[in-house]
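Residue numbers start at 1 and run along the sequence shown.
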Amino acid sequence: QVQLVESGGGLVQTGDSLRLSCTASGPTFNRQAMGWFRQAPEKAREFVAAISWSGESTVYADSVKGRFTISRDIAKNTMYLQMNSLKPEDTAIYFCAARPGGWSPSSGMYPYWGQGTQVTVSS
């Protein structure tokens with residue numbers, strides 16, 4: 001089965017940067033888009049960013065546009081989220097996800113998920 005594992009979370013201060021990684025393993029037969037979602041305490045899981053299977057197209061939530069950059073290394077089966085100018089409102093568990101076909105902003109459209117990595121931004 002497909003396995004997704006996130007890493008790179010941690011405790012930082014306002015204005016700091018972090019880079020999250022998501023590595024996929026296991027057999028795959030279809031090209032898949034990948035995305036990042038986050039979930040803060042007592043809030044629903046929300047879309048952060050997504051990237052096409054080829055890496056040529058990217059899309060961002062308005063709340064992170066200009067601060068976060070999504071990328072992927074197909075040869076390494078790894079997706080990245082570079083997070084700059086972090087704010088306390090970015091505090092959440094960050095999940096990577098994958099789905100066959102094109103990207104989607106809806107978490108329910110992604111069948112494959114990682115375990116999540118905690119990002120905490122202190123004020």
Kindly give the heavy-atom pair with the smallest separation between [X] and [Y], and that separation in Å.
X    : Y    : result
S63  : R67  : O-NH2, 2.9 Å
G8   : L18  : O-CD2, 3.7 Å
T69  : Y60  : CA-OH, 3.3 Å
R45  : S107 : CD-CB, 4.4 Å
Y110 : S104 : OH-O, 2.7 Å

Residues 116-123, side-chain donor-acceptor partners within the protein, below 3.5 Å, at least two apart:
from	atom 1	to	atom 2	distance (Å)
T117	OG1	G9	N	3.2
Q118	NE2	A92	O	3.4
Q118	NE2	T120	OG1	3.3
S122	OG	V12	O	3.3

Which residue pairs satisfy the side-chain hydrogen bond (donor to acceptor under 3.5 Å, both in side chains) criterion with at least one member in residues 91-100, sequence neighbours excluded? R38-Y94
Taking the side chain as everything from C-beta on, heavy atoms only, tell me whether M79 gets closer than 4.5 Å to I51. yes
Answer whether the closest heavy-atom distance between the side chains of W103 and T58 falls below 4.5 Å. no
[X] [atom1] to [Y] [atom2] distance, which is reported to the nearest 0.5 Å:
X   : Y   : atom1 : atom2 : answer
M34 : S71 : CE    : OG    : 11.0 Å
F68 : W36 : CZ    : CH2   : 11.0 Å
R31 : I74 : CZ    : CD1   : 10.0 Å
T14 : L86 : OG1   : CG    : 8.5 Å

Salt bridge (charged side-chain N to carboxylate O under 4.0 Å, His left out) involving K65 - partner list, sequence neighbours excluded: D62
Any residue meeting salt bridge (charged side-chain N to carboxylate O under 4.0 Å, His left out) with R19, in chain and number order, not counting sequence neighbours: none
Listed by chain and number, what are the side chain to side chain donor-acceptor pair (under 3.5 Å) partners of [X], not counting sequence neighbours?
X    : answer
S21  : none
S54  : S52
S85  : none
Q115 : E6

Disulfide bond (SG atoms under 2.5 Å apart) partners of [range], not counting sequence neighbours, each pair once:
range           : result
residues 45-87  : none
residues 33-62  : none
residues 33-123 : C22-C96

What residues, two or more places apart in sequence or in another chain, satisfy ring-ring contact (aromatic ring centres under 6.0 Å, His included) together with Y112? none
Show your reasoning for whether side-chain contact (heavy atoms from CB on, under 4.5 Å) applies to F95 and L4. CA-CA 9 Å; F95 298 89; L4 302 175; over 6 Å; no
For E46, I'd like to know if atom CD has over 12 heavy atoms of other residues, nucleotides or ligands within 6.0 Å. yes
Same cluster (ILVMFWY, side-chain, under 4.5 Å), M83 and Y80: no
Please check if W113 and I93 belong to a single hydrophobic cluster, counting links between Ile, Leu, Val, Met, Phe, Trp and Tyr side chain heavy atoms closer than 4.5 Å. yes
